[in-house]
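Read through the structure below, which is laid out as structure tokens, and then see the notes.
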There are 2 protein chains.
Amino acid sequence: MTEATYSLPRYAHIKSYIRNQIESKQWRVGDCIPSENRLAEDFSVSRMTARRAVQELADQGLLLRSVGMGTFVAEPPPLSLSLELPDFGEQFTFTNPHYSNRIIRLDTVAADRDVASLLKITEGDLIYHSVVVHVINSIALQWEACFVTPTLVPAYLKQNYQKVTPQAYLNWVLTPSRIDHQVQAVIPDTETTGAMGLATLSACLQITRRNWLQGEVVSATRCIIPGSHKVGVDLD
Amino acid sequence: MTEATYSLPRYAHIKSYIRNQIESKQWRVGDCIPSENRLAEDFSVSRMTARRAVQELADQGLLLRSVGMGTFVAEPPPLSLSLELPDFGEQFTFTNPHYSNRIIRLDTVAADRDVASLLKITEGDLIYHSVVVHVINSIALQWEACFVTPTLVPAYLKQNYQKVTPQAYLNWVLTPSRIDHQVQAVIPDTETTGAMGLATLSACLQITRRNWLQGEVVSATRCIIPGSHKVGVDLD
DNA sequence: CAGTGGTCTAGACCACTGG
DNA sequence: CAGTGGTCTAGACCACTGG
């Protein structure tokens, strides 16, 4: 097919051939592409080499494979962006010797409408609740509120959150089957800005993270990060 | 080493063995792990099978490999979060029949300090500049400012941005070698809030995206999205 | 130099799918 | 049934690193 071998590995040629076919719409979403055996024959390589090309593209999400059926062009992945967080409640304690935190609240509360819909429970149900402010070098970097379903994490209120952050404890006691995130810009209320030592009207990032276990929400963590600290740079 | 074979593939056993060694701190960050040949011997498999285990963990970022030197335990990857954007200037036009936009500016300007550092050029250099507000059903969803290096995209100002968004045009004329993103919470100035019909003090997400071509920044796009529209939910 | 990871081969057996 | 992808083997040659 393609000439100009230049010493690129053979599987790389097959990969770019496949990519070209997809980009030029010769093969469309849902189409079945040639089998490993077919590609091996066409490119005069062993099946393992052809397989490597196809497999790497499948790992990348470009192709979908299914035994017995074949390999198909996948839907283009949704446009997404990877956000690197300065921290998300984990490791705060250990990496920085200047770290400290303030525990603002640690109690049982009745879920208001907002929290109830977040946790998928009914309004008024009792839940565990914590608010911690993470501080490094006297600067409040993150305000972290957790709402936890008591039945699933019964010992939540009895932990020492001076030594382990609520999020880290949750990660330790349970392995969520799913995690979701939501990012939003907010102007926090005066209670929050006060706790963080911010000006009254400051734009902040609010990141809400939920831990799921078999269709149930175990916990929701809401972090508030001052907007003036840029949150992340990353390539995708 | 491990018994209980259950019919899991052999490379999977080797992978979990390696993961365990790392998680239990038997092997620490920077340590050299056994070579492919060594693992093949220890687990009584062919080198290709041992290699697969090591390679998949390296692809995942757990290990770093280097020919001649060996394979090493990598730094734990930074905690990150995947953000799905409702749109980033692409496809706005085509998916929704109620879409329209308003072109606020389309001109050549001198780079101020901020933009100069963003594009890695010197202050005062002339650049192309556009500001477009994306509207769906009379609601302004996104304010999109682009700063473009003229030499690399000479025809930028001559496009019809009623038919194609600036970001989509840029994606079309160039294939960046790198893209980076930055997310920040801001309270936009009155010019911007006015253009979007927002209250004067509204928290917004500001997403800055840069397209790179061989170490040079070709363009920077700054999008402002009202904070009240939640931006994305995703699992990671 | 011996050892490392990177690439590649020509076979093999398997569970699975469709017709 | 013939064809698919998933796993695996026992070899091979290579460029590269350190001592």
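Convention: sequence-line order gives letters A, B, ...; per-chain numbering from 1. Model, not experiment: these values are computed from the prediction.
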Give a yes/no on whether any side-chain N or O of [X] is located under 4.0 angstrom from OP1 or OP2 of [N].
X       : N      : result
B/Tyr11 : D/dC8  : no
A/Arg10 : C/dT7  : no
A/Ser35 : D/dT4  : yes
A/Ser66 : C/dC16 : no
B/Arg52 : D/dT7  : yes
A/Thr49 : C/dT9  : yes

Can you check the [X] [atom1] to [N] [atom2] distance for me, whole Å?
X       : N      : atom1 : atom2 : result
A/Leu63 : D/dT4  : CG    : C1'   : 15 Å
B/Arg38 : C/dG3  : CZ    : C1'   : 13 Å
B/Arg65 : D/dC16 : CZ    : P     : 17 Å
B/Met48 : D/dC13 : CE    : P     : 16 Å
B/Leu39 : D/dT9  : CG    : P     : 13 Å
A/Leu8  : C/dG6  : CG    : P     : 16 Å
A/Asn37 : C/dA12 : CG    : P     : 13 Å
B/His13 : D/dC8  : NE2   : C1'   : 15 Å

Quick check on side chain to side chain donor-acceptor pair (under 3.5 Å): which of B/Arg209, B/Gln167, B/Arg210 does B/Thr221 satisfy it with? B/Gln167
Could you grab the distance from atom CZ of B/Arg51 to atom OG of B/Ser35, nearest 0.5 Å is fine? 12.0 Å
What does [X] touch in the nucleic acid at a heavy-atom separation under 4.0 angstrom: a base, only the sugar-phosphate, or nothing?
X       : result
B/Val54 : nothing
B/Met69 : sugar-phosphate
B/Arg47 : base

Nucleotide of [options] approaching [X] most closely (side-chain heavy atoms):
X       : options              : answer
B/Glu36 : C/dT9, C/dG6, D/dT9  : C/dG6
A/Thr71 : C/dG6, D/dG5, C/dG11 : D/dG5
B/Pro9  : D/dC8, D/dG5, C/dC8  : D/dC8

Sub-4.5 Å side-chain heavy-atom contact between B/Gln159 and B/Val153: no
Measure the acute angle between the ring planes of B/Tyr156 and B/Tyr161, then classify it against the limits of 30° and 60° as parallel, tilted or perpendicular. tilted
For B/Gln26 against B/Asp31, the heavy-atom pair lying closest together: O-OD2, 4.2 Å
Return the nucleotide paired to C/dC16: Watson-Crick means purine N1 to pyrimidine N3 with N6-O4 or O6-N4, wobble means G-U with N1-O2 and O6-N3, both under 3.5 Å. D/dG3
Using Watson-Crick geometry (N1-N3 plus N6-O4 or O6-N4) or G-U wobble (N1-O2, O6-N3), each under 3.5 Å, D/dT9 is paired with C/dA10
Residue met sooner reading DNA chain D from 5', once A/Arg51 and A/Gly68 are mapped to nucleotides: A/Gly68
Say whether A/Gln55 and A/Asp59, considering side chains only, have a donor N or O and an acceptor N or O under 3.5 Å apart. yes
Go nucleotide by nucleotide along DNA chain C from the 5' end; which of B/Gln55 and A/Val67 gets its closest nucleotide reached first? B/Gln55
